[in-house]
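The shown structure was predicted, so the numbers you read here are calculated from the model rather than taken from an experiment. Just the heavy atoms: all of them, side chains too, but no hydrogens, waters or symmetry mates, feed the values below. So you know, we letter chains A, B, ... as the sequences are listed, proteins then strands, and number each from 1.
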Amino acid sequence: MENQAQRSPKRRISKDHWTAIAFLIPSFILILVFVYGFIGWTGYVSLSNYNSLVPDFSFAGLKNYIYLFNDFRFQADLRNTVFFTILFIGLVIVLGMGLAILIDQKLKGESIFRNILLFPMALSFIVTGVVWQWLLNPSTGFNQFLSVFGIQPKWYTDTTILAGFEWGSIEFGLPVAIIAVVIAAVWQMTGFSLAMYLAGLRGIPEELREAARMDGASEFQVYLKVVLPMLMPITMSVVIIMAHISLKIFDLIYAMTGSGANFVTDVPGVYMFETTFRGNYYANGAAIAIIMLLLVAIFIVPYLWSSRKGDK
Amino acid sequence: MFFRLILMLAACSSDSAKEESGDSDAKASDGGGEGKVEIFSWWTGAGEEDGLLALIDLFEEKHPDISVENAAVAGGAGTNAKAVLATRMQGDDPPSTFQVHGGEELNKSWVAADKMQPLNDLYEANEWMDKFPEDLIDLVSQDGNIYSVPVNIHRGNVIFYNKKVFEDNGVDVPTTFDEFFKAADKLQEAGVTPLALGDKESWTATQIFENVVLGVLGPDDYGKLFKGEIGFDDPRVKEAAEKFGKMLDYVNEDHASRNWQDSGQLVANGEAAMLNMGDWAKGYFVNDLNLETNKDFGYVPFPDTDGDFMVITDTFGLPKGVKNPDEVKEFLTVLGSVEGQDAFNPLKGSIPARVDADPSQYDDYGKDTIEDFKNANLAPSLAHGSAAAEGFVTKANQAVNIFVTQRDVDNFIEALKNAAGEL
């Protein structure tokens with residue numbers, strides 16, 4: 001009797017355990033094949049000579065990678081991605097947090113503001129791209145208005161590189177044209193970070209701020225010393241989500257500016273699509289895909305690592 | 001409120017676009033069966049879709065037992081369609097027949113990949129060998145085998161110009177490079193943009209470059225250049241690059257934000273004087289912008305290319321692995337017939353590939369071009385994939401894109417030389 005009583009709960013756990021595994025296995029296998037399997041296949045193709053419509057899987061070593069890193073267009077892509085990512089994430093965080101704090105001031109009509117600011121997120125990047133392509137077109141859009149003041153920015157057709165210096169075959173610096181794309185992307189994604197920060201602000205107990213005020217902290221100090229540190233996990237999540245969007249960005253650029261003159265608005269995603277499907281350089285395209293994966297991994301892996309440690 | 005409405009409309013239209021493309025995917029996958037011919041193309045624009053539908057109607061009239069499926073993929077001047085096609089061909093699920101530019105886009109890719117069936121017997125059965133120009137048949141042949149049937153011809157070395165702008169400023173329409181630069185200077189002084197360019201997609205600039213090369217080298221050496229018999233370090237290629245650069249001094253400043261239609265509008269409304277574009281621009285001027293040929297706009301061959309014909313031809317072939325090749329050949333027979341070509345081309349705004357089609361069906365521009373086509377030296381277009389393999393075209397487009405901004409002739413020649421390995 002005693003024995004059985006001890007065994008039965010144990011058996012129940014293991015039965016649940018097996019059911020769980022049975023339910024997980026199909027999706028586990030599917031992900032194994034269709035995500036990791038294909039990543040592996042892409043890696044394999046990127047090391048081959050498959051650079052025409054005729055498949056050629058002979059081993060090419062790092063030839064495709066070496067080609068890319070010596071290629072003007074790919075160097076420009078990396079430069080553009082770096083500046084796009086920095087500006088995009090920075091602005092989305094600053095604007096999202098700022099607007100969230102303003103909305104959190106218990107102002108009237110809060111939900112209207114929240115919805116207006118959140119709405120661009122419901123659009124696809126293609127729509128955003130088409131709209132902003134016209135708004136920031138040098139001969140239509142904002143410039144019609146700005147010409148009153150005698151300013152005529154060239155927006156995404158500007159080929160200037162700010163603070164540029166020779167680096168490889170390109171000029172490394174901030175491409176002015178990328179700012180136009182950043183504006184469109186920020187317009188679309190700020191609502192998302194706003195929503196996250198607003199949720200974060202609502203999660204901070206009022207007592208903590210009260211306590212700080214009682215201790216004589218000014219309102220500014222309350223935000224700087226109490227609220228901001230407590231929003232740190234939110235900021236981490238925003239950075240991760242925005243980073244993986246900006247590193248893989250394709251649709252916005254493709255719809256809005258294309259590669260741009262002198263490749264000032266080109267990104268690896270666009271290059272990958274064109275070189276693979278227009279030029280039939282399958283191995284080069286695969287190599288770009290792998291490099292993009294590694295770029296995203298730089299952001300994601302430390303995050304996963306720290307959240308795993310947090311779980312323990 | 002109004003703003004929100006716009007946003008919602010925009011969101012809706014993007015959704016419906018998605019649904020449409022989803023539908024065509026679903027349709028595409030069950031093609032190729034018995035009694036059915038699936039025609040794959042990127043003809044979804046105004047005139048070209050009408051032409052295709054007229055052709056399909058004609059075929060269904062003649063073969064009521066065979067149903068036709070129109071599997072057109074929109075967008076990207078064919079890039080999207082080519083991506084879908086590549087996936088299907090490599091997955092051994094080819095459409096019954098597909099649109100491909102005659103020349104290396106066909107020979108260096110699908111023929112080289114051993115995915116196409118020769119059509120010599122079809123040409124013999126229909127006695128087509130002397131109905132299409134010899135140069136054209138060469139363009140769709142490899143090692144003595146013919147691989148596709150040309151349906152239309154577009155000309156790439158045309159300058160369309162605004163008649164009123166030229167008259168008002170007392171400028172003569174240029175026929176040589178010297179005249180072009182003189183006219184351009186005069187127009188620029190008068191405050192008109194001499195040459196309209198919309199190179200948001202860089203092939204439009206590549207198109208100007210190939211025409212300059214044709215003008216400087218002539219049709220024979222132009223052909224040799226892309227066969228690898230003349231190097232890109234030839235001094236005449238350098239001269240062409242310099243002339244190309246000089247022409248770019250006369251283009252509109254916002255060229256990088258425009259596509260070719262937007263640049264056409266500059267000529268239509270008189271802000272710019274000239275546009276180098278394939279003659280599909282005529283269809284755009286006449287049908288979309290309601291302009292009148294020879295009254296609002298005129299046309300003239302690109303400088304120093306009178307008597308040459310930069311040819312862009314859409315052709316259809318027979319992929320290997322199609323289950324009903326005989327029925328597909330029936331379709332190709334209609335496509336290559338006088339009747340088929342005269343049903344398609346007047347609507348599409350191109351001229352027939354056959355030399356014996358009926359000119360009375362075509363407008364003034366068409367009649368002129370049919371006449372020119374008969375006597376001209378044909379040169380295959382680089383920008384449209386006829387002169388070189390797609391790998392080279394992609395790299396040439398990249399080199400041109402960089403050159404348009406940097407104007408570094410040596411760098412440009414070097415890039416073309418490096419890409420020449422892909423020829």
Side-chain angles (χ1 to χ4, degrees), chain A residues 51-55 71-74 76 115-116 119-120 122-128 130-131 133-134 136-141 143 152 154-160 169-171 177 180 254-266 271 273-282 284, chain B residues 3-4 6-11 13-15 17-18 76 78-80 82-87 89-90 108-115 199-203 205 252-259 262 266 271 385 389-395 397-399 401-406 411 415 422:
Chain A
N51 274 326
S52 71
L53 275 176
V54 189
D71 183 30
F72 176 90
R73 182 171 181 179
F74 195 69
N115 286 339
I116 288 177
F119 207 75
L123 299 176
S124 93
F125 262 132
I126 295 285
V127 177
T128 311
V130 172
V131 171
Q133 173 203 348
W134 292 113
L136 296 182
N137 189 298
S139 37
T140 61
N143 277 17
Q152 290 282 310
K154 284 154 87 186
W155 298 114
Y156 57 82
T157 63
D158 201 323
T159 51
T160 330
S169 51
I170 60 158
E171 208 179 333
Y254 200 67
M256 185 172 163
T257 65
S259 303
N262 213 14
F263 297 112
V264 280
T265 56
D266 201 46
Y271 189 14
F273 176 70
E274 283 188 357
T275 202
T276 312
F277 291 113
R278 193 168 260 185
N280 301 324
Y281 294 111
Y282 288 89
N284 275 347
Chain B
F3 186 55
R4 259 184 123 171
I6 291 175
L7 292 182
M8 275 161 73
L9 283 175
S13 66
S14 84
D15 280 346
K18 260 181 217 157
T79 317
N80 297 352
K82 285 177 197 169
V84 174
L85 180 68
T87 314
M89 293 289 274
Q90 289 176 350
K108 285 271 166 65
S109 52
W110 299 120
V111 174
D114 196 24
K115 297 272 188 191
D199 68 341
K200 193 181 169 195
E201 292 169 74
S202 48
W203 62 263
N252 45 300
E253 212 176 285
D254 62 351
H255 57 88
S257 69
R258 292 175 183 265
N259 57 27
D262 300 331
L266 287 177
E271 280 178 61
E390 305 219 42
F392 180 83
V393 178
T394 308
K395 286 190 177 170
N397 277 333
Q398 288 179 21
N401 185 355
I402 295 166
F403 179 73
V404 169
T405 305
Q406 296 189 348
N411 222 335
E422 314 284 342

With side chain to side chain contact (heavy atoms under 4.5 Å, CB included) as the test, would you mind laying out the steps for A/Phe263 and B/Gln398 before giving the verdict? CA-CA 9 Å; A/Phe263 297 112; B/Gln398 288 179 21; 3.7 Å; yes

Step by step, would you call A/Phe277 with B/Thr394 a side chain to side chain contact (heavy atoms under 4.5 Å, CB included)? CA-CA 10 Å; A/Phe277 291 113; B/Thr394 308; over 6 Å; no

Stepwise side chain to side chain contact (heavy atoms under 4.5 Å, CB included) check, B/Lys200 with A/Tyr156: CA-CA 11 Å; B/Lys200 193 181 169 195; A/Tyr156 57 82; 5.8 Å; no

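Across A/Ala261 and B/Asn401, no two heavy atoms sit closer than the pair CA-OD1, 3.4 Å. In plain terms, the two heavy atoms of B/Gly391 and A/Tyr281 that are nearest each other are O-OH, 2.8 Å. When all heavy atoms are compared, the tightest approach of A/Ser139 to B/Asp254 is OG-OD2, 2.6 Å. Among all heavy-atom pairs drawn from A/Val54 and B/Ala112, the shortest one is CG2-O, 3.8 Å.
Shown are B/Glu390, B/Lys108, B/Gln90; of these, the side-chain contact (heavy atoms from CB on, under 4.5 Å) with A/Leu53 is made only by B/Gln90.
The number of heavy-atom neighbours closer than 6.0 Å to CD of A/Gln152, taken from other residues, nucleotides and ligands shown, is above 12.
Neither the backbone nor the side chain of B/Phe403 has a heavy atom closer than 4.5 Å to any heavy atom of chain A. At a 4.5 Å heavy-atom cutoff, the contact between A/Thr257 and chain B is made by backbone atoms alone.
For the set A/Asn262, A/Val264, A/Thr157, the entry with the most heavy-atom pairs within less than 4.5 Å of chain B is A/Asn262.
Rounding to the nearest 0.5 angstrom, the gap separating the CG atom in A/Asn137 from the CG atom in B/Asp262 is 8.0 Å. Between A/Ser259 atom OG and B/Asn397 atom CG the span is 9.5 Å, to the nearest 0.5 Å.
B/Ser257 places a side-chain heavy atom less than 4.5 Å from the side chain of A/Pro138.
Partners of B/Lys115 by side-chain contact (heavy atoms from CB on, under 4.5 Å), not counting sequence neighbours, listed by chain and number: B/Met89, B/Asp92, B/Trp110, B/Ala113. A/Asp266 is linked by a salt bridge (charged side-chain N to carboxylate O under 4.0 Å, His left out) to A/Arg73, counting only residues two or more places apart in sequence or in another chain.
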